[in-house]
Amino acid sequence: SFALGTDTTKILGKCADVLGGIEDGLGGSPFTGVTVLCGKTFWSSLIDHPKVKDAVVGWQAAQTLRNDARLALTYGGLNFVRYRGTSAVKVADGEAWAVPTGVAGLAITRFAPANYIETVNTIGLPFYAKAAADPMGKGVEIEAQSNPLNLITRPAAIVKLTAT
């Protein structure tokens, strides 16, 4: 919990805790940075927090907060970004997810075979396409499909944050 509703919360300390959690989750594997995908309420509470405001006053990034409060903010070694996804792919308003960047193989994609008889017990490919002539010879029916499965190989390295 970042306790963003409390003015005395030491946000830099919270950022250090997140970095430590990611280091533990990666088990010593290197990473190049951390992107924090913030929900709407988490983001607005973060940029309005007195400790964050005090840190960016007079700094060039304060320009960002004055112009467009939806842009990224780097603070405490974390790159905070307001996530704008909707529908099924959404970060809850009072939450954020810290994701390490530059980690080889952190996210992988595997493909299942197409649902055709000739692909049973075969290795899945990224794309399948098949064409069949119309029985009356008036055209061709075409179908294409892809069956990806995206996996996070080190889920302990992704840290959930709450605003509270």
Checklist outcome for this item: What one should report as the nearest heavy-atom pair of Asn147 and Gln145 is ND2-OE1, 3.0 Å
Item to check | Within-4.5 Å side-chain heavy-atom neighbours: Ile47 and Leu73 | outcome: yes
Item to check | Between Arg154 and Ser29, a side-chain donor and acceptor under 3.5 Å | outcome: yes
Item to check | pair Pro100-Leu106: side-chain heavy atoms closer than 4.5 Å | outcome: yes
Checklist entry - How many angstroms lie between CH2 in Trp43 and CG in Leu37, if you round to the nearest 0.5 Å? => result 11.0 Å
Item to check | salt bridge (Lys or Arg N to Asp or Glu O under 4.0 Å) partners of Lys160, counting only residues at least two apart | outcome: Glu95
Checklist entry - Are Val91 and Trp97 side-chain neighbours, meaning at least one heavy-atom pair lies under 4.5 Å? => result yes
Item to check | Note, Val103 side chain near Leu26 side chain (heavy atom, < 4.5 Å) | outcome: yes
Checklist entry - Would a hydrophobic clustering, with Ile, Leu, Val, Met, Phe, Trp and Tyr connected at side-chain separations under 4.5 Å, put Phe111 with Ile152? => result no
Checklist entry - Which atoms form the tightest heavy-atom contact between Val140 and Ala131, and what is the distance? => result CG1-CB, 3.7 Å
Checklist entry - Rounded to the nearest 0.5 Å, what separation is found between the OG atom of Ser1 and the CG atom of Leu161? => result 9.0 Å
Next on the checklist: Please list all pairs meeting side-chain hydrogen bond (donor to acceptor under 3.5 Å, both in side chains) that have one or both residues in residues 10-27, counting only residues at least two apart or in different chains.
Outcome noted: none
Item to check | Validation row: Thr41, Ser45 side chains within 4.5 angstrom (heavy atoms) | outcome: yes
Item to check | All ring pair (Phe, Tyr, Trp, His ring centres under 6.0 Å) counterparts of Phe42, not counting sequence neighbours | outcome: Phe2
Item to check | Ring-face cation contact, Tyr116 with Lys130, 6.0 Å cut, 45° max | outcome: yes
Checklist entry - Do Leu151 and Phe31 belong to the same hydrophobic cluster, where Ile, Leu, Val, Met, Phe, Trp and Tyr are linked whenever their side-chain heavy atoms lie under 4.5 Å apart, directly or via other members? => result no
Item to check | Close side-chain approach of Val36 and Phe80, heavy atoms under 4.5 Å | outcome: yes
Checklist entry - What are the two closest non-hydrogen atoms of Cys15 and Gly76, and how far apart are they? => result CB-O, 3.4 Å
Next on the checklist: With a 6.0 Å cut-off (strictly less than), is the heavy-atom count around CD of Glu141, excluding the residue itself, greater than 12?
Outcome noted: no
Next on the checklist: Taking CD1 in Ile108 as the centre, count heavy atoms belonging to other residues, nucleotides or ligands within less than 6.0 Å. Is the count above 12?
Outcome noted: yes
Item to check | Heavy-atom pair with the smallest gap, counting every atom of Thr122 and Thr119 | outcome: OG1-O, 2.6 Å
Checklist entry - Counting N and O atoms only, with roles assigned by atom type, does the side chain of His49 sit under 3.5 Å from a partner on the main chain of Ser44, one being a donor and the other an acceptor? => result no
Next on the checklist: Pairing donors with acceptors under 3.5 angstrom, does anything connect the side chains of Thr35 and Thr101?
Outcome noted: no
Item to check | Chi angles and distances behind the side-chain contact (heavy atoms from CB on, under 4.5 Å) call for Val159, Ile22 | outcome: CA-CA 7 Å; Val159 179; Ile22 288 172; 3.7 Å; yes
Checklist entry - Taking all atoms of both residues into account, what is the closest heavy-atom pair of Ala98 and Val34, and its distance? => result CB-CG1, 3.9 Å
Checklist entry - Taking atom NZ of Lys51 and atom OG1 of Thr9, what is their separation to the nearest 0.5 Å? => result 8.5 Å
Checklist entry - With a 4.5 Å heavy-atom cut-off, do Arg110 and Asn150 have their side chains touching? => result no
Checklist entry - Judged by atom type as modelled, is there a donor-acceptor pair below 3.5 Å linking the side chain of Ser146 to the main-chain atoms of Pro126? => result yes
Checklist entry - How long is the gap from CG on Leu4 to CG on Leu46, to the nearest 0.5 Å? => result 6.0 Å
